[in-house]
Participant: 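So that we are looking at the same thing, I have put the structure below in structure tokens.
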Amino acid sequence: MRDYWLRQAGKAEDKALVERLWDLLVQVETREMPGFTFFLDPGQQALARSMLESWRQTVAYRCQGGFAGEPERCRLLLFPAAWAEFDFDQPGATVLRVQGRFQFFQPGHRDILGSLLASGIKRELVGDILCTETGIWVAVAQEIVSAIQSQWTRVGPVPIELLPEAEPPLIQRPQGEERLVSLASPRMDALLAQSVGVGRQQAVQWIESGLVRLNWRECLKPDAEIRPGDWLSVQGFGRVLVKEQKGSSKKGRLLFKVEIWSKTGRGG
């Protein structure tokens, strides 16, 4: 079974995740010791959930991202399935508020992440980063709170203090731009071209070049079938969610409602 999941994992980073998760599953099942993954992005979470489905009789899990609402990066807490009836839980993520005099320097997500990594903190130990007009917050692995408070002391020119947040703020997915697209067939290249506003051949080139992910997994097939609930992640552009199929047009073309988030603003 382990070799099967290693074959399913495409990139080296996914294979490393399979190895870590397999060792953790064996630990939970054989020694009845709960354990955490690192913070996983949505694609890694999808791979982990697929693996965990094979162990559902003996291993249960919970997602923890620290923030309230819909954090994107989460850790998975794995524990014996028999413990689920006792509502077992164990904190694995802490949200820290970043305090500093930012009157003349307003850091964004890239500034925060860059200074964090420069301080020696690994990305896999950091969850979502929330930068708003009212403050800056970072989710981190529970076990590194003390270390990060001593190691991460500046963002750019500004000295900072990190304070645990008793009531983490809410993370909600921003509203994108909704569109209705008309397709002859439910192909990924056709939906991508109409959603992003490029030619069909351009969409095919993006897909075959590995710039597009389907449900956060690499997919190099332009003719891959898309369904409601699917996500397309386009490197350099943003994301497209296939929300629902709205039937067919009078000419027999398939109608899909999509929601689009571009990196240049809301929607395309």
Side-chain angles (χ1 to χ4, degrees), residues 13 36-45 63-75 91-178 195-197 211-213 216 231-241 259-268:
E13 60 190 36
F36 282 97
T37 66
F38 295 126
F39 280 99
L40 307 178
D41 64 30
Q44 292 171 321
Q45 291 174 46
C63 295
Q64 295 187 13
F67 289 97
E70 303 176 72
E72 183 170 281
R73 291 176 60 83
C74 293
R75 303 183 78 181
T94 296
V95 173
L96 300 174
R97 183 173 185 128
V98 183
Q99 298 274 46
R101 295 181 178 273
F102 294 116
Q103 294 92 332
F104 304 106
F105 172 65
Q106 297 293 327
H109 185 283
R110 182 177 297 180
D111 301 306
I112 298 297
L113 180 58
S115 64
L116 246 175
L117 299 181
S119 72
I121 303 300
K122 294 183 179 179
R123 183 66 177 104
E124 61 197 14
L125 298 174
V126 180
D128 284 355
I129 297 170
L130 180 63
C131 301
T132 73
E133 294 179 355
T134 58
I136 300 170
W137 294 266
V138 179
V140 301
Q142 179 91 14
E143 61 269 23
I144 69 160
V145 170
S146 296
I148 196 172
Q149 286 176 316
S150 62
Q151 289 180 229
W152 187 32
T153 58
R154 304 182 73 87
V155 175
V158 180
I160 60 171
E161 182 181 6
L162 303 175
L163 304 176
E165 183 64 74
E167 296 184 6
L170 180 71
I171 286 186
Q172 291 181 308
R173 189 169 65 220
Q175 185 174 357
E177 177 188 344
E178 290 190 347
S195 299
V196 176
L211 299 179
V212 182
R213 289 196 162 208
W216 295 283
W231 284 88
L232 301 182
S233 305
V234 188
Q235 185 175 323
F237 173 81
R239 295 176 181 173
V240 178
L241 170 63
E259 190 169 0
I260 305 157
W261 294 265
S262 76
K263 293 185 176 180
T264 57
R266 290 187 178 181

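Fair warning: this is a prediction, and the values are worked out from it, not measured in the lab. Hydrogens, waters and symmetry mates are skipped; everything else that's a heavy atom, side chains included, is used.
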Participant: Report yes if the side chains of F67 and L130 come closer than 4.5 Å at any heavy-atom pair, otherwise no.
Facilitator: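 F67 vs L130: side chains touch.
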Participant: Run the side-chain contact (heavy atoms from CB on, under 4.5 Å) test against S150 and tell me which residues pass, sequence neighbours left out.
Facilitator: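 None.
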Participant: Decide if atom CD of Q103 counts as having more than 12 heavy atoms of other residues, nucleotides or ligands within a radius under 6.0 Å.
Facilitator: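 Buried by this count: over 12 neighbours within 6.0 Å.
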Participant: Side chains of V126 and F38: closer than 4.5 Å at any heavy-atom pair?
Facilitator: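 Of all side-chain heavy-atom pairs linking F38 with V126, none is under 4.5 Å.
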Participant: Are R101 and E161 within salt-bridge range, i.e. N to O under 4.0 Å?
Facilitator: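 No, no charged N to carboxylate O under 4.0 Å.
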Participant: Between the side chain of Q99 and the main-chain N/O of I160, is any donor-acceptor distance below 3.5 Å?
Facilitator: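 Not confirmed, Q99 side chain does not pair with I160 backbone.
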Participant: Determine the minimum heavy-atom distance between S195 and I260, stating which atoms define it.
Facilitator: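 Closest heavy-atom pair between S195 and I260: O-CD1, 3.3 Å.
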Participant: Provide the closest heavy-atom pair for P107 versus I136 in the form atom of the first, atom of the second, distance.
Facilitator: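 Heavy-atom minimum between the residues: CG-CD1, 3.6 Å.
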Participant: Could you check if a side-chain atom of T153 sits within less than 4.5 angstrom of a side-chain atom of P159, using non-hydrogen atoms only?
Facilitator: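 Heavy-atom side-chain distance check fails, nothing below 4.5 Å.
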Participant: Under the side-chain contact (heavy atoms from CB on, under 4.5 Å) rule, collect the residues that match up with L211, sequence neighbours excluded.
Facilitator: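 By the side-chain contact (heavy atoms from CB on, under 4.5 Å) rule, L211 matches W206, S209, Q235.
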Participant: Quick one: are L96 and P164 in side-chain contact, heavy atoms under 4.5 Å?
Facilitator: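 In short, these two side chains touch, coming nearer than 4.5 Å.
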Participant: Between R75 (side chain) and T37 (backbone), is there a donor-acceptor pair under 3.5 Å?
Facilitator: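 Such a contact is found between R75 side chain and T37 backbone.
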Participant: Where do R239 and E72 come nearest, in terms of heavy atoms and distance?
Facilitator: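 Shortest heavy-atom separation between R239 and E72 comes out as NH1-OE1, 2.6 Å.
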Participant: Determine the minimum heavy-atom distance between S115 and W152, stating which atoms define it.
Facilitator: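 That would be OG-NE1, 3.1 Å.
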Participant: C131 pairs by side-chain contact (heavy atoms from CB on, under 4.5 Å) with which of I112, V98, D111?
Facilitator: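 The passing option is I112.
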Participant: Rounded to the nearest 0.5 Å, what separation is found between the CH2 atom of W216 and the CD atom of Q45?
Facilitator: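 So the gap between those two atoms works out to 8.5 Å.
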Participant: Using 0.5 Å steps for rounding, measure from the CD1 atom of I148 to the CG atom of L162.
Facilitator: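 Interatomic distance, I148 CD1 to L162 CG, rounded to 0.5 Å: 6.0 Å.
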Participant: May I ask you to test the F39-E124 pair for a side-chain heavy-atom distance under 4.5 Å?
Facilitator: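 They are not in side-chain contact.
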Participant: Output yes when a side-chain donor or acceptor of W261 lies under 3.5 Å from a complementary backbone atom of P174, and no otherwise.
Facilitator: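 Present.
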Participant: How far does CG of L125 sit from CG of L117, to the nearest 0.5 angstrom?
Facilitator: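 Rounded to the nearest 0.5 Å, the CG-CG separation comes to 10.5 Å.
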Participant: Starting at CG of D41, measure out to CD of E13 and round the result to the nearest 0.5 Å.
Facilitator: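 Answer rounded to 0.5 Å: 7.5 Å.
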Participant: Does any part of the side chain of F102, heavy atoms only, come nearer than 4.5 Å to the side chain of V155, both counted from C-beta?
Facilitator: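 Yes, close enough: below the 4.5 Å cut-off.
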Participant: For the residue pair Q151 and S119, confirm or rule out a side-chain donor-acceptor distance under 3.5 Å.
Facilitator: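 No, no side-chain donor-acceptor pair sits under 3.5 Å.
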Participant: Out of curiosity, R123 CZ to L116 CG, how far, rounded to the nearest 0.5 Å?
Facilitator: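 Answer rounded to 0.5 Å: 8.5 Å.
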Participant: Considering non-hydrogen atoms only, spot the tightest contact between P71 and G65 and give its length.
Facilitator: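 Where P71 meets G65 most closely, the heavy atoms are CG-CA, 3.9 Å.
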Participant: Quick one: are C74 and Q64 in side-chain contact, heavy atoms under 4.5 Å?
Facilitator: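 No, too far: nothing below the 4.5 Å cut-off.
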Participant: Using 0.5 Å steps for rounding, measure from the NZ atom of K122 to the CD1 atom of I144.
Facilitator: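 The NZ atom of K122 sits 10.5 Å away from the CD1 atom of I144.
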Participant: Can you list the steps and then say if V138 with V95 is a side chain to side chain contact (heavy atoms under 4.5 Å, CB included)?
Facilitator: CA-CA 5 Å; V138 179; V95 173; over 6 Å; no
Participant: Report yes or no: does W137 contribute a side-chain atom to a donor-acceptor pair with the main-chain N or O of A139 at less than 3.5 Å?
Facilitator: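 Between the backbone of A139 and the side chain of W137 there is no qualifying donor-acceptor contact (under 3.5 Å).
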